[in-house]
Amino acid sequence: MTRPILATVHTDALVRNLSRTTREVASGGGVRRIRTWAVVKAYAYGHGLEAAVSGFAAADGLALLDVQEAVRCRELGWRRPILLLEGFFRPGDLDTLSHYRIDTVVHSRTQLEMLVAHARPLGIAAHLMLNSGMHRLGFQPDEYRAAFERAQRLRAAGMLAMVGKMTHFARADDDLVVTRRQLDCFVRITAGLPGPVSVCNSAAALSPGLAVSVPAVDQWIRPGICLYGASPYMGRDAQSLGLLPAMTLGSELISTHVLPAGEAIGYGHAFRTDHDMRIGIVACGYADGYPRHAITGTPVTVAGVRTRLVGRVSMDMLSVDLDPVPQAEVGASVVLWGRGGPAVDEVAWSSGTIANDLLSGLTNRVPRRVQALRG
Ligand SMILES: *Cc1c(COP(=O)(O)O)cnc(C)c1O
């Protein structure tokens, strides 16, 4: 008898969210074709690479971090470009990149030195990252052009197939003034340098008019979270953005109780009943990736009825209020997030975090079932 928890991955939603995102960007008014790196890092935000490779078949490339995951995408039949968002880590990685045709971000002088020292044709593209104000990765504005020229010389010598330009926004979700300032910095520093441009994550890609205002002949957006049906904006729901949840986390009631008024529940007795109350115990806890910091009141759906979490989430279980669902017995279906339940964003916001954290934090002990595409 297996534990009833299950994450169902809806491949059709991946397809829909990708087309929705690219259509949204195109509707910004540009006539130029904008291409898409579908971001599939962290095991496709917890959805699995199999579903991602199939669901994002219409994307122009896949972007991720881990060389092994990149190789896995090739093994799954992905033939278009793959980009390593943090680039490579050691000189020994370069032969693998070359063998599997994996493109790389180059964000530091250390990486540039490794490319120079490799001294053999790689046949891959290098995308040079500018630090335009995020202060995480990238060349400083005053060193960018020199780094770019060095990469161009490697290309001229036949070592690299192409050199591109990238930057990353810190506040595309909540501050367009800061974002515009970063974009202005990027445009100023990269002026006149050839090659493809990539600057927009989900929040920037879905900001009306932002992507089309990037002066680039060959632009690639880099959406991640929106492709999985969650919102890149705090407090703005994914449904209003036309996105569909790509994962449903489901489980069942494994116990029910009637508690008299004044009884307290779970660790720390963090919730106390103020009337006679039916409580359900769900086979899902923080060791599955459900957030331990979810507060009493976080929405949960039981037998199709929206109710709420009560008390503290434990490692393997959580408690729910069964007052709105008096008919629910052991075995009743529970949706923690996704289709037929609350949006993953709601659960995340009730836990002081974002959907990216919950989706990518689903643990290995939760079995995944991929709903393949029909036809
Ligand atoms: C994760 C990541 C993205 C995608 O971000 P979302 O907010 O999920 O759209 C894009 N670019 C880089 C460099 C990233 O690390």
Side-chain angles (χ1 to χ4, degrees), residues 5-22 35-89 93 95-105 124-125 127 198 201-202 205 220-230 232 243-250 288-289 337-339 344 354-375:
I5 193 166
L6 179 70
T8 305
V9 176
H10 312 291
T11 311
D12 60 339
L14 301 178
V15 175
R16 273 279 306 272
N17 295 333
L18 174 65
S19 75
R20 169 86 203 159
T21 303
T22 52
R35 292 193 276 185
T36 304
W37 292 111
V39 178
V40 299
K41 62 190 180 188
Y43 198 56
Y45 290 51
H47 295 67
L49 294 173
E50 292 76 4
V53 163
S54 144
F56 298 146
D60 301 284
L62 299 179
L64 40 64
L65 283 102
D66 186 84
V67 181
Q68 294 320 313
E69 289 191 7
V71 170
R72 181 80 191 117
C73 291
R74 286 284 180 240
E75 288 168 355
L76 287 166
W78 185 264
R79 302 198 184 290
R80 293 188 198 149
I82 297 180
L83 173 63
L84 293 183
L85 290 168
E86 283 178 359
F88 53 97
F89 302 92
D93 296 335
D95 285 324
T96 310
L97 267 54
S98 179
H99 182 259
Y100 289 97
R101 294 176 297 110
I102 300 167
D103 297 335
T104 183
V105 161
I124 62 168
H127 297 268
S198 180
N201 59 358
S202 297
W220 294 61
I221 56 170
R222 301 190 305 271
I225 191 61
C226 64
L227 303 182
Y228 304 95
L243 304 169
L244 297 176
M247 181 197 289
T248 299
L249 180 62
D288 299 301
W337 64 64
R339 287 191 187 173
V344 65
I354 54 172
N356 316 39
D357 186 12
L358 303 196
L359 295 172
S360 67
L362 199 73
T363 63
N364 282 335
R365 84 175 191 187
V366 179
R368 264 84 158 170
R369 188 182 64 200
V370 175
Q371 264 177 0
L373 296 172
R374 286 169 208 275

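Just the heavy atoms: all of them, side chains too, but no hydrogens, waters or symmetry mates, feed the values below.
The main-chain N or O of Arg101 is found under 3.5 Å from a side-chain atom of Arg74 such that the two form a donor-acceptor pair. At distances below 3.5 Å, at least one donor-acceptor pair connects side-chain atoms of Arg80 with backbone N or O atoms of Ala59.
The side chain to side chain contact (heavy atoms under 4.5 Å, CB included) check on Leu244 picks up Ala13, Arg16, Asn17, with sequence neighbours excluded. With sequence neighbours excluded, no residue forms a side chain to side chain donor-acceptor pair (under 3.5 Å) with Ser360. Judged as a side chain to side chain donor-acceptor pair (under 3.5 Å), and not counting sequence neighbours, the contacts of Arg20 are Glu24. With sequence neighbours left out, Ser198 forms a side chain to side chain donor-acceptor pair (under 3.5 Å) with Arg222. Arg365 is linked by a side chain to side chain donor-acceptor pair (under 3.5 Å) to Asp288, Asp316, counting only residues two or more places apart in sequence or in another chain. Residues passing the ring-ring contact (aromatic ring centres under 6.0 Å, His included) test with Trp337, sequence neighbours excluded: none. Not counting sequence neighbours, the partners of His47 by the ring-ring contact (aromatic ring centres under 6.0 Å, His included) test are Tyr228. Every residue two or more places apart in sequence or in another chain that forms a side chain to side chain contact (heavy atoms under 4.5 Å, CB included) with Asp60 is listed here: Arg33, Arg35, Thr36, Trp220. The side chain to side chain contact (heavy atoms under 4.5 Å, CB included) search around Phe89 returns Glu86, Asp93, not counting sequence neighbours.
Each salt bridge (charged side-chain N to carboxylate O under 4.0 Å, His left out) pair with one or both residues in residues 41-57, not counting sequence neighbours, appears once here: Glu50-Arg72. Within the structure, the salt bridge (charged side-chain N to carboxylate O under 4.0 Å, His left out) test picks out no pair touching residues 61-71 (sequence neighbours left out). Residue pairs meeting the ring-ring contact (aromatic ring centres under 6.0 Å, His included) criterion with at least one partner in residues 64-88, sequence neighbours excluded, are absent.
Rounded to the nearest 0.5 angstrom, Leu64 CG and Ile82 CD1 are separated by 6.5 Å. The line from CG of Leu62 to CG of Leu85 is 10.5 Å long, rounded to the nearest 0.5 Å. Rounding to the nearest 0.5 Å gives a distance of 9.5 Å between CZ of Phe56 and OG1 of Thr11. To the nearest 0.5 Å, the span separating OG1 on Thr363 from CD1 on Ile5 amounts to 7.5 Å. Interatomic distance, CG of Leu49 versus CD of Gln68, reported as 11.5 Å (0.5 Å rounding). Atom NE2 of His127 sits about 4.5 Å away from atom CH2 of Trp37, to the nearest 0.5 Å.
Inter-residue side-chain proximity for Leu14 and Leu227 is flagged as unmet; no heavy-atom pair is nearer than 4.5 Å.
A side chain to side chain contact (heavy atoms under 4.5 Å, CB included) with Leu249 holds for exactly one of Leu6, Leu359, Leu358, Val366; it is Val366.
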